[in-house]
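These numbers were taken from a predicted model, which means no experiment stands behind them.
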Amino acid sequence: MILAACGGGAPSPPARPAPAPAVTANPPTEAEANAAYKAKQYGKCARTFEAVAVAVAPGARKDLLLYSAACCHALDARPDLALGVLERAAAAGMRNHAELRRDPDLATLHGDARWPALIAKVEAAAIAWEQTLKEPALRRELLAMMKEDQDARFEAMRDKDNKVLAEAMEAVDRRTTARMKAIITEHGWPGKRLVGEDGTNAAWVLVQHADRDPAFQKLCLTKLEPLVATGEVTAANYGYLFDRIAVAEHRHQRYGTQFTSEGEPSPMEDPANVDARRKAIGLGTMAEYKVLLRAMNSRWDRRVPRQAK
């Protein structure tokens with residue numbers, strides 16, 4: 001499972017779905033769900049992720065939250081609940097069958113007689129959905145480049161003093177930045193209609209890590225901004241890139257997404273109102289984000305959150 005959402009999922013054949021949690025005035029948060037996961041309180045983790053999924057605004061990645069809940073149900077040895085929640089995740093738009101196959105948190109489901117049909121169903125749905133995109137091959141390329149990016153960072157962060165791993169990560173960044181330049185020249189910013197939400201998010205991750213070419217990052221920011229209003233990219237992705245560029249230029253960040261090596265947020269403009277600005281672009285509070293980052297930084301033996309880097 002990825003902190004703040006696992007990243008892939010699928011529908012299941014008939015299974016007993018978990019009851020939808022009731023929405024409360026102060027619904028649980030992803031930070032609380034992640035804390036329960038870290039503490040191996042898997043039943044609480046599943047219930048909390050489901051409650052967050054119920055409470056999220058329209059357009060949010062509810063499928064990822066439900067997938068995370070299913071992971072926790074599986075770890076809690078509740079296969080019927082896990083399969084039922086995966087079905088709800090699929091109905092919410094989840095289609096990452098590759099992640100479904102390889103996620104170790106779902107390993108307890110692999111021997112279930114319903115598992116092969118689940119895999120086949122989500123794969124067929126993914127193929128049908130991909131045919132609605134303008135550039136499905138480009139989407140697959142972007143996802144592959146993001147995996148290479150994340151794998152390189154995973155290795156480098158596990159052994160921060162290893163210069164060979166650091167150089168390998170830098171080589172990946174140079175290669176993916178060069179390719180992203182070519183993609184932007186040919187297509188403009190690859191938005192949702194072109195490559196899907198996961199494809200455009202992958203492109204954003206790669207540009208976030210193009211720190212050795214700040215002029216290119218600034219160019220991409222200008223291309224992202226007008227696409228937020230059309231729904232082609234998320235406001236959160238724009239906010240993260242805005243802050244990354246601002247911090248690199250020794251300016252105050254706006255949304256509090258960038259932290260120092262000491263684990264504190266880099267200087268912010270109008271810090272008293274940062275939570276309001278974060279809410280406006282679909283992010284949780286600074287307090288929740290700090291919890292998420294602490295959990296992520298202590299668990300680089302797993303995968304990183306969608307929006308954490």
Visitor: Looking at side-chain heavy atoms only, is the closest gap between Glu225 and Leu241 below 4.5 Å?
Guide: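 Sidechains of Leu241 and Glu225: no contact.
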Visitor: Less than 4.5 Å apart, side chain to side chain, heavy atoms only: is that true for Arg278 and Tyr289?
Guide: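 With C-beta onward as the side chain, the pair touches.
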Visitor: Is it the case that the side chain of Asn273 and the backbone of Ala276 share a donor-acceptor pair, with hydrogens and angles ignored and the cut-off at 3.5 Å?
Guide: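 Such a contact is absent between Asn273 side chain and Ala276 backbone.
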Visitor: Distance from Gln208 atom CD to Tyr240 atom OH, nearest 0.5 Å?
Guide: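 Going from CD on Gln208 over to OH on Tyr240, the span is 8.5 Å.
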Visitor: Within the side chain of Glu288, is there an N or O that forms a donor-acceptor pair under 3.5 Å with the backbone of Thr29?
Guide: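 A pair under 3.5 Å: no.
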Visitor: What do you reckon, is CZ of Arg251 surrounded by more than 12 foreign heavy atoms closer than 6.0 Å?
Guide: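 Yes, because the 6.0 Å sphere around CZ of Arg251 holds more than 12 heavy atoms from other groups.
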Visitor: Take Arg95 and Asp63 through the test salt bridge (charged side-chain N to carboxylate O under 4.0 Å, His left out) and record every step on the way to the result.
Guide: CA-CA 9 Å; Arg95 57 188 68 88; Asp63 56 332; 5.8 Å; no
Visitor: Consider only side-chain heavy atoms of I, L, V, M, F, W and Y, link residues closer than 4.5 Å, and tell whether Val274 and Leu283 are in one cluster.
Guide: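 The answer is yes; both residues are in one hydrophobic cluster.
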Visitor: Can a donor-acceptor pair be found, under 3.5 Å and without considering hydrogens, that links the side chain of Asp173 to the backbone of Ala210?
Guide: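 No, the answer is negative, given that no donor and acceptor are paired below the 3.5 Å cut-off.
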Visitor: Is there a donor in the side chain of Trp189 and an acceptor in the side chain of Thr200, or the other way round, less than 3.5 Å apart?
Guide: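 Short answer, yes.
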Visitor: If we count only N and O atoms by modelled type, under 3.5 Å, do the side chains of Asn201 and Asn237 hold a donor and an acceptor together?
Guide: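 Judged by distance alone, the side chains do pair up.
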Visitor: Does one side chain, of Tyr37 or Asp105, offer a donor that lies under 3.5 Å from an acceptor on the other?
Guide: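 Yes, Asp105 and Tyr37 have a side-chain donor paired with an acceptor closer than 3.5 Å.
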Visitor: Would you call Val195 and Pro136 a side-chain contact if the rule is heavy atoms closer than 4.5 Å?
Guide: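 No, side chains not in contact.
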Visitor: How are the rings of Phe242 and Tyr255 set to each other: parallel, tilted or perpendicular (split at 30° and 60°)?
Guide: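 Because their plane-to-plane angle is over 60°, the rings of Phe242 and Tyr255 count as perpendicular.
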Visitor: Regarding Asp213 and Lys181, does a basic nitrogen lie under 4.0 Å from an acidic carboxylate oxygen?
Guide: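 Here Asp213 pairs with Lys181 in a salt bridge, since their nearest N and O are under 4.0 Å apart.
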Visitor: Given salt bridge (charged side-chain N to carboxylate O under 4.0 Å, His left out), test Arg47 with Glu32 step by step and report yes or no.
Guide: CA-CA 11 Å; Arg47 292 190 299 272; Glu32 292 169 344; over 6 Å; no
Visitor: Locate the shortest heavy-atom distance separating Met286 from Pro265; write the atom from each residue and the value.
Guide: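 That would be CE-CB, 3.9 Å.
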Visitor: Name the residue from Arg153, Arg175, Arg179 that meets the salt bridge (charged side-chain N to carboxylate O under 4.0 Å, His left out) definition with Glu148.
Guide: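 Exactly one option meets the salt bridge (charged side-chain N to carboxylate O under 4.0 Å, His left out) with Glu148, and it is Arg175.
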Visitor: Checking Glu249 against Lys218 for the salt bridge (charged side-chain N to carboxylate O under 4.0 Å, His left out) test, could you report, in this order, the C-alpha distance in whole Å, the side-chain angles of both residues, the deciding distance, and whether it holds?
Guide: CA-CA 11 Å; Glu249 295 180 341; Lys218 293 178 76 169; 3.0 Å; yes
Visitor: Under a 4.5 Å side-chain heavy-atom rule over Ile, Leu, Val, Met, Phe, Trp and Tyr, are Phe259 and Met268 clustered together?
Guide: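 Yes; tracing contacts between hydrophobic side chains, which count when under 4.5 Å, links both residues.
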Visitor: With a 4.5 Å cut-off on side-chain heavy atoms, are Lys62 and Val52 touching?
Guide: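 They are not in side-chain contact.
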Visitor: How far apart are the C-alpha atoms of Asp270 and Arg254, what are their side-chain angles, what is the distance that settles it, and do they pass the salt bridge (charged side-chain N to carboxylate O under 4.0 Å, His left out) test?
Guide: CA-CA 8 Å; Asp270 187 19; Arg254 181 171 294 169; over 6 Å; no
Visitor: If we count only N and O atoms by modelled type, under 3.5 Å, do the side chains of His73 and Glu50 hold a donor and an acceptor together?
Guide: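 Their side chains do contain a donor-acceptor pair, which is all the 3.5 Å distance test asks for.
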Visitor: Shortest non-hydrogen contact from Leu106 to Ala70?
Guide: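 Nearest heavy atoms, Leu106 then Ala70: CD2-O, 4.1 Å.
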Visitor: Answer yes or no: is there a side-chain heavy-atom contact under 4.5 Å between Glu135 and Arg139?
Guide: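 When only atoms from C-beta onward are counted, Arg139 and Glu135 do not touch, as no gap falls below 4.5 Å.
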Visitor: Strictly by modelled atom types, are Asp103 and Tyr67 linked by a side-chain donor-acceptor pair under 3.5 Å?
Guide: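 Yes - a donor-acceptor pair under 3.5 Å links their side chains.
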Visitor: When clusters are formed by joining ILVMFWY residues with side-chain heavy atoms under 4.5 Å apart, either directly or through shared neighbours, do Leu138 and Val205 land in the same one?
Guide: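 Hydrophobic grouping puts Leu138 with Val205.
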Visitor: Would you say Thr177 and Arg212 make side-chain contact, with heavy atoms under 4.5 Å?
Guide: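 Heavy-atom side-chain distance check fails, nothing below 4.5 Å.
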Visitor: Sub-3.5 Å donor-acceptor pair from the side chain of Glu232 to the main-chain atoms of Arg193, do we have one?
Guide: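 Yes, the answer is positive, given that a donor and an acceptor are paired below the 3.5 Å cut-off.
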Visitor: Is any side-chain heavy atom of Asp149 closer than 4.5 Å to one of His209?
Guide: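 A side-chain contact under 4.5 Å exists here.
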Visitor: Does any part of the side chain of Asn96, heavy atoms only, come nearer than 4.5 Å to the side chain of Arg101, both counted from C-beta?
Guide: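 Side chain of Arg101 against side chain of Asn96, heavy atoms only: no contact under 4.5 Å found.
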Visitor: Backbone N or O of Ala74 within a donor-acceptor pair of the Thr108 side chain at under 3.5 Å?
Guide: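 The answer is yes, because a donor-acceptor pair under 3.5 Å joins these two groups.
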